[in-house]
2 protein chains.
Amino acid sequence: MEVRTVDTRERILDAGERLFMAHGYEGTSMRQITGEAGVNLAAVNYHFGSKESLMQEVFRRRLDWLNEERMRALDALEAEAAGQALKPSAIVDAFFGTLLRMAGDENRGGMTFLRLLGRTLTEPSEFIRAFLAHEYQAVMDRYKEALFKALPEVPKAEIVWRFHFMLGATSYAIAGTDALRLVTDWQIEDEDSTDRLDRLVPRLMSFLIGGLRAPLPQF
Amino acid sequence: MEVRTVDTRERILDAGERLFMAHGYEGTSMRQITGEAGVNLAAVNYHFGSKESLMQEVFRRRLDWLNEERMRALDALEAEAAGQALKPSAIVDAFFGTLLRMAGDENRGGMTFLRLLGRTLTEPSEFIRAFLAHEYQAVMDRYKEALFKALPEVPKAEIVWRFHFMLGATSYAIAGTDALRLVTDWQIEDEDSTDRLDRLVPRLMSFLIGGLRAPLPQF
DNA sequence: TTATGATTCATACGTTCGTTTTAATCATAG
DNA sequence: CTATGATTAAAACGAACGTATGAATCATAA
């Protein structure tokens, strides 16, 4: 209720977000979190109940808004189209562009949350995947349907696979500011980090749409 | 030297590979590994020295062969081309196709190792990324150069980014037999798992090449 | 057969983990 | 001011962690 409470909760969420991003769920201890947040060790269990619940709350805080925004973006597209078929690239932008534009919004977690999300999607922890699957269910179904309608000549199974591939490329693009050193050891040109982010969006979009619209494989 | 030793080492590597894949590095304990392998708890430290060294050996066992195979594939392409420019799709197949075809080879880790690899590339553990970066350095440089030559009209920075995107899409495609449930709750058609794997390769290849050859973004 | 080095085994070490408990402190309503 | 409920604090819990130790067991060479 009081100011202190909100502060403590928020400080824990911020520290958890940053540390889970940097070291993973299993690799981050309660003592690290409370230490970085500057709160007592017991505070996490008092405010969130458990480490697992904290992790879920870290995600919920950001995903609720993100997925609502994605729904609104699709609403807007469909209203604008007035019954006409949507452009696949517009759907891709509504889903992935909305996500990527979060990176520039520090109030919504910025790059830190995006990297956490990217890493978590491949992480093995069962409860996290179950939680994310549940959180994503509705928005996923909606976007799948939109792509089915936008690409009526493409088999649905292909669309689902390509959606999956797009998720992977995007996760890497976000999570892997470090993993990129696997591919390149030189800092790409002289781009600073905001430059890099501004350019990442169109770069990734071109790639995603190129993949989505690629000729179908013949088996 | 003796039969028992080789058996024990191999059993530990197999168990470690499977468990690291299923629960991650931090999420897997020495007792789980030795339990599943049916060996004594002390065996890991005796044969490998530490948990970290075991993890490295799990990867080295598979990556050494994979990256040599990738080098051979590129050698063959360049010999065949006899100085002519390589087709980008052939390079992509040499790199990613060679990887994906490991999935069908149980003697080389099969799906288990591929899923472990896919997950680890986004994992945060510092020592793993440092190790993988070192293991991959040479083959990465070689393939980058090949793509630069095959796509002389594309800026090098774009190629590096798109290589990165391709890595992400592939990792997900592999790691995410489970994560796929995020996208779809129905089993795709009636494909069994071998069918799914056979079809995954051309599906992913179409996507990757579509993305690689997509029109360049205009900033 | 015996000696030797490699391997396996049971066990314990010291640490760190997530969580719980109980008391102190705080802010606010009556 | 005092009572009350919420929050913070310090300390401890048992469990699980990775690792180390020293004795038992094994295979092999002399």
Side-chain angles (χ1 to χ4, degrees), chain A residues 1-59 61 116 120 123-128 130-131, chain B residues 1-59 61 116 120 123-128 130-131:
Chain A
M1 293 299 196
E2 299 80 358
V3 166
R4 288 280 282 283
T5 303
V6 174
D7 267 354
T8 299
R9 278 184 59 98
E10 213 85 345
R11 292 165 64 85
I12 291 172
L13 287 170
D14 289 343
E17 186 171 72
R18 211 194 62 76
L19 288 167
F20 287 144
M21 177 274 285
H23 308 118
Y25 176 75
E26 313 266 11
T28 302
S29 73
M30 303 284 266
R31 285 164 180 83
Q32 285 178 271
I33 295 171
T34 53
E36 173 147 331
V39 303
N40 188 269
L41 169 61
V44 172
N45 287 284
Y46 176 77
H47 285 283
F48 300 96
S50 68
K51 188 184 176 185
E52 286 201 2
S53 300
L54 168 62
M55 180 68 154
Q56 291 184 11
E57 200 54 37
V58 165
F59 276 99
R61 176 169 70 144
L116 172 62
T120 306
E123 254 194 34
S125 286
E126 198 47 60
F127 87 92
I128 302 178
F131 169 75
Chain B
M1 295 297 196
E2 299 80 358
V3 165
R4 288 280 285 283
T5 303
V6 175
D7 267 356
T8 298
R9 276 184 61 98
E10 212 86 344
R11 293 164 64 85
I12 290 172
L13 288 170
D14 289 343
E17 185 171 72
R18 210 194 64 74
L19 288 167
F20 288 143
M21 177 273 286
H23 308 118
Y25 176 75
E26 313 266 11
T28 301
S29 73
M30 304 284 264
R31 285 163 180 84
Q32 285 178 271
I33 295 171
T34 53
E36 173 147 330
V39 303
N40 187 269
L41 170 60
V44 172
N45 287 284
Y46 177 77
H47 285 283
F48 299 96
S50 68
K51 187 185 177 186
E52 287 201 2
S53 300
L54 168 61
M55 180 68 154
Q56 291 184 9
E57 200 53 39
V58 166
F59 277 98
R61 176 168 71 146
L116 172 62
T120 306
E123 254 195 33
S125 287
E126 198 47 57
F127 87 93
I128 302 178
F131 169 74

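Just so you know, these numbers use all the heavy atoms, side chains as well, and skip hydrogens, waters and symmetry mates. Just so it is clear: chains get the letters A, B, ... in the order the sequence lines come, proteins before strands, and each one is counted from 1. This is a predicted model, so every value here is computed, not measured.
The CZ-C1' distance, from Arg11(A) to dT8(D), rounds to 13 Å in whole Å. Here dA20(D) presents its P atom at 15 Å from OH of Tyr46(B), a figure rounded to the nearest Å. dC26(C) atom C1' lies 14 Å from atom CG of Asp7(A), rounded to whole Å. The distance from atom CD1 of Ile12(A) to atom C1' of dT19(C) is 14 Å, rounded to the nearest whole Å. Taking atom CG on Leu54(B) and atom P on dC17(D), their separation rounds to 15 Å, with Å as the unit. dC17(D) atom P lies 12 Å from atom NE2 of His23(B), rounded to whole Å. Rounded to an integer number of Å, the gap from Glu10(A) CD to dT7(D) P is 14 Å. Atom CG in Asn40(B) sits roughly 19 Å away from atom P in dA6(C) (whole-Å rounding).
No side-chain heavy atom of Leu54(B) sits less than 4.5 Å from a side-chain heavy atom of Asn45(B). The shortest distance between side-chain heavy atoms of Met55(B) and Phe48(B) does not fall below 4.5 Å. Looking at Phe127(A) and Gln56(A), their side chains come closer than 4.5 Å, going by heavy atoms from C-beta outward. Considering only heavy atoms from C-beta on, Lys51(B) comes within 4.5 Å of Tyr25(B) through its side chain. Looking only at side-chain heavy atoms (C-beta outward), Glu57(B) and His47(B) stay at 4.5 Å or farther from each other. Using a 4.5 Å cut-off on side-chain heavy atoms (C-beta onward), Phe59(B) and Thr120(B) make contact. Met30(B) has its side chain out of reach of Ile12(B): every pair of non-hydrogen atoms, C-beta onward, lies at least 4.5 Å apart.
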**Prompt:** side-chain contact (heavy atoms from CB on, under 4.5 Å) between Glu26(B) and Thr28(A): does it pass, once the steps are laid out?
**Reply:** CA-CA 10 Å; Glu26(B) 313 266 11; Thr28(A) 302; over 6 Å; no
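An OP1 or OP2 oxygen of dT8(C) is reached within less than 4.0 angstrom by a side-chain nitrogen or oxygen of His47(B).
Across all strands shown, Ala42(B) has heavy atoms under 4.0 Å from base atoms, whether or not it also approaches the sugar-phosphate.
Helical stems involving DNA chain C, defined as 3 or more consecutive Watson-Crick or G-U pairs under 3.5 Å, span C:1-30 with D:1-30.
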What does the list of N/O pairs under 3.5 Å between the protein and nucleotides 16-18 of chain C look like, with a distance for each?
unit_1	atom_1	unit_2	atom_2	d
dC17(C)	OP1	Ser29(A)	OG	3.4
dG18(C)	OP1	Thr28(A)	O	3.4
dG18(C)	OP1	Lys51(A)	NZ	2.7
dG18(C)	OP2	Met30(A)	N	2.8
dG18(C)	N7	Arg31(A)	NH1	2.8
dG18(C)	O6	Arg31(A)	NH2	2.8

Could you pull out the protein-nucleic contacts involving nucleotides 23-25 of chain C (nitrogen or oxygen on both sides, under 3.5 Å)?
none

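Only one option out of Asp14(A), Leu13(A), Leu19(A) pairs with Val58(A) in a side chain to side chain contact (heavy atoms under 4.5 Å, CB included); it is Leu13(A).
Minimum heavy-atom separation, Ala43(A) to Thr8(A): CB-CG2, 4.3 Å.
Interatomic distance, CG of Leu41(A) versus OH of Tyr46(A), reported as 15.5 Å (0.5 Å rounding).
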